[in-house]
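These notes are about the structure you will find just below.
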Amino acid sequence: MPIKSVKLPIYISNRPSDNYEKVFLPLFKNAEILERRAYTLSHDWILKSKEALLQFLQQGGKIKMIVTYPLQSKLHESFQRNDHEAIEAILRKDLVEPFKRDIPYYEVWLVAYLSHLIVTGKLEIKVSIPRERASVHDEITFIKEADDTVCFHGTFFPSSASQENVDVFVSWDQRDKLRIRDYQSEFDQEWKGKDDDYFVLPLPEEFMVDFKELASSYNPYQYLLENKTKYKLRSFQQEAIDNLASSNWQGMMNVPPGSGEMLTSLFALDQFIVHEPRTIALVICPNLHRLTQWITFSKQKYPNKELITFASEEEVKDPDFTDTLRLKLKEDFIIVFVTYKLFSTQTFQTVFARNKNTAFYIFDECTLLSEKQSMLSIYPLQGGGRIGITSTPIEWLKPEKANFLKKQFPVTIADYPLKSAIGKTHSEYEYITFLSEMIISEYSEYKQFTSLLLRLKNEKIEEARKREKQAEYETSRELVIEKAYNKKNDFLYVLPRFERKRVIVYTEESLIKDVKESLEFSLKLNVAELSSKTLLEERLQIQKKFTQGAIDVIVTADAFTEGLEGLEPKAIYLLSSPTSPRVFFKRRGELIQTQSGKYMAKIYDFITIPPRQGFHDPLQKEIVMRELPRVLELSSLASDADLEELSEYLETFKLEHLLEEKSGVEIVKKIFVKEETYND
């Protein structure tokens, strides 16, 4: 983009609303010459210029810099006597020695890269000292491309303490052109040593020895620049990272699965460690095969980086790991991978609390962090950075969970709703419902647990014990619906008319084996079961065989397909649907990640309804309401939703109007949502 085409204000400042860097960087990327007059030789501008500086240098850009020091009587006298040794000694104290002192670790590379620019001649420096009674010239910057020039009059990178405005002039405006000509003439006269009010000299050659010792071509933004091209980082991903940086590196990404969330998180880590090296990056995953996916991706991106994975509490107790946490790292960062199951243990929490390095957390499926087993067991998260990734909008969660997550991740740095993704990055889908009636014994069991819950309210026992028993009864009652007997029978009855191969069947975990055997026996299909007990190696084999067509059906529970991306099933069958919004959001998200075939992905949902006899029983309406949040959400974005039978049934309870609302957010907050169990 030519600098002439960049839209510029007439002045800019360092106020947040002006976004100083966004005005400057587009110019820098296409410029040929940068000329500056400043009051000190600093390195902070290298950090602020990011990879734009590298692009500028790669295309042959040169930097000319005048460093103006205020009049010092000793220096003035030395110039008058032309005392070279005295001049060198005084300037060394201001120009070289500050870079040799014990500077912060995270600034070392900045000093090394500044020195590299000096010794390679890409940055040419002249020192300017005003004579007695001479006024000091203003700071100024010229950015040039061919015959076009942009001039910034004032402190180009103002400090946070300053609220100074910087005037902006452009050579293609006739009035500005005259002003630029005067400023340029003043700068050129000073650069050539023809300004009678100044002593001007090149950087003493003796200083080059010092800068050569300090110099290094290492610049972390070089890596970022190369990888942005290699991995094709999109503008919305960089925007998310910028939002994270401006929010003290703590925020949440609400995006559908398969939206580049891994790449965004790791690029955020890259930019975080520029400011905070010696970082322990901790990636927390919902299960082992999702963890494996993170490791595979991280190995590709960081081929020479140490990656540490823990699968058991015994491994966490490794003294080497404890020392790594307790002592300052010798490298910029390492990455540690754990599952939520291990992360929430007292062992891991105790060990990680010893971390003396900076922490950078990546919580994949961060709504799991709000489950009670995490909320009650984790220590307060350390300072540093943290990213939460979820495909479930926070408003779907119960208030206590939503508030907990908002406290951990105060800002939403990326909000890419699935509604915007379908038809673009994600495939369209159809949604078909079937009604599965509970049998009498199941309904009786459901009523029994309901009676126990009612009685519990009046029991005189300590509050903690009462809460424990309430959770037990509610969970048991929920399980009755999840295991509803007729769902399997109804599924086997309708399956011959619909997709039978390249499908995933979700059922309650204890029924996985039964459903698998029924499919193998009745339809002669090749079926694999995927449960919390399935070993990681076997899970990965299932993934491979399914994509190759050697397996027709995967029977699983909860959201165990997380991390097994690329399955591209034609359809999913929901024989069991927990009320957790995360589960049904995740199942749909995994299904409709971009499909390579020309078929329309389908969701077949078996809705649990109470026995059709006895409509007068108020508990029947309660069971129907339990299913509606999922139905409303999954049908709302479907290209076609078959809800006719369900709509007719809802008339019985005068609930048919709810299907027109297209949102189950408020309903899900009124029903019981079972806590998710962490699995490997």
Show the atom names and distances, to 0.1 Å, of all donor-acceptor pairs under 3.5 Å that link a side chain in residues 336-345 to residues at least two apart or in another chain.
unit_1	atom_1	unit_2	atom_2	d
Thr339	OG1	Leu342	N	3.4
Thr339	OG1	Asp680	OD1	3.4
Tyr340	OH	Asp364	O	2.9
Tyr340	OH	Glu365	O	3.1
Ser344	OG	Tyr340	O	3.0
Ser344	OG	Lys341	O	3.3
Thr345	OG1	Leu342	O	2.7
Thr345	OG1	Phe348	N	3.3

Heavy-atom count around Tyr379 OH within 6.0 Å, excluding the residue itself: above 12? yes
Has Lys305 got more than 12 heavy atoms of other residues, nucleotides or ligands less than 6.0 Å from its NZ? yes
Go through Phe321 and Phe310 one step at a time and tell me if the side-chain contact (heavy atoms from CB on, under 4.5 Å) criterion holds. CA-CA 10 Å; Phe321 178 57; Phe310 293 112; 3.5 Å; yes
Side chain to side chain contact (heavy atoms under 4.5 Å, CB included) partners of [X], counting only residues at least two apart:
X: Pro277; answer: Tyr105, Tyr106, Asp332
X: Thr547; answer: Leu567
X: Glu239; answer: Asn243
X: Glu371; answer: Leu368, Gln373, Lys401, Glu675, Glu676, Tyr678

[X] and [Y]: side chain donor to acceptor below 3.5 Å:
X: Asn486; Y: Tyr493; result: no
X: Ser532; Y: Glu509; result: yes
X: Gln237; Y: Thr264; result: yes

Pairs satisfying side chain to side chain donor-acceptor pair (under 3.5 Å), at least one member in residues 628-637, at least two apart: Ser577-Arg630, Arg588-Glu633, Asp605-Arg630, Glu627-Arg630
Using the rule given for side-chain contact (heavy atoms from CB on, under 4.5 Å), can you reason through Ile280 versus Tyr361, listing the C-alpha separation, both sets of side-chain angles and the distance that settles it, and then say yes or no? CA-CA 8 Å; Ile280 304 288; Tyr361 300 87; over 6 Å; no
Looking at Glu529 and Thr534, what are the two nearest heavy atoms and their distance? O-OG1, 3.7 Å
Going by salt bridge (charged side-chain N to carboxylate O under 4.0 Å, His left out), name the residues that satisfy it together with Lys674, two or more places apart in sequence or in a different chain. Glu482
Once salt bridge (Lys or Arg N to Asp or Glu O under 4.0 Å) is applied, what residue pairs with a partner in residues 247-269 remain, sequence neighbours excluded? Glu261-Arg290
Qualifying salt bridge (Lys or Arg N to Asp or Glu O under 4.0 Å) pairs with a residue from residues 485-499, counting only residues at least two apart or across chains: Lys488-Asp514, Glu499-Lys602
Mind checking what makes ring-ring contact (aromatic ring centres under 6.0 Å, His included) contact with Phe434, not counting sequence neighbours? Phe498, Phe606
About how many Å separate OG of Ser518 and CG of Leu525, when rounded to the nearest 0.5 Å? 11.5 Å
Spacing of CD1 belonging to Ile378 relative to CG belonging to Leu369, to within rounding of 0.5 Å: 4.5 Å
Within residues 534-554 or reaching into it, pairs that qualify as ring-ring contact (aromatic ring centres under 6.0 Å, His included) - sequence neighbours excluded: none
Going by the angle between their ring planes, with limits at 30° and 60°, are Phe272 and Phe360 parallel, tilted or perpendicular? tilted
List the atom pairs, with distances to 0.1 Å, where a side-chain N or O of residues 407-421 and a protein N or O form a donor-acceptor pair under 3.5 Å, not counting sequence neighbours.
unit_1	atom_1	unit_2	atom_2	d
Tyr416	OH	Thr425	OG1	3.2

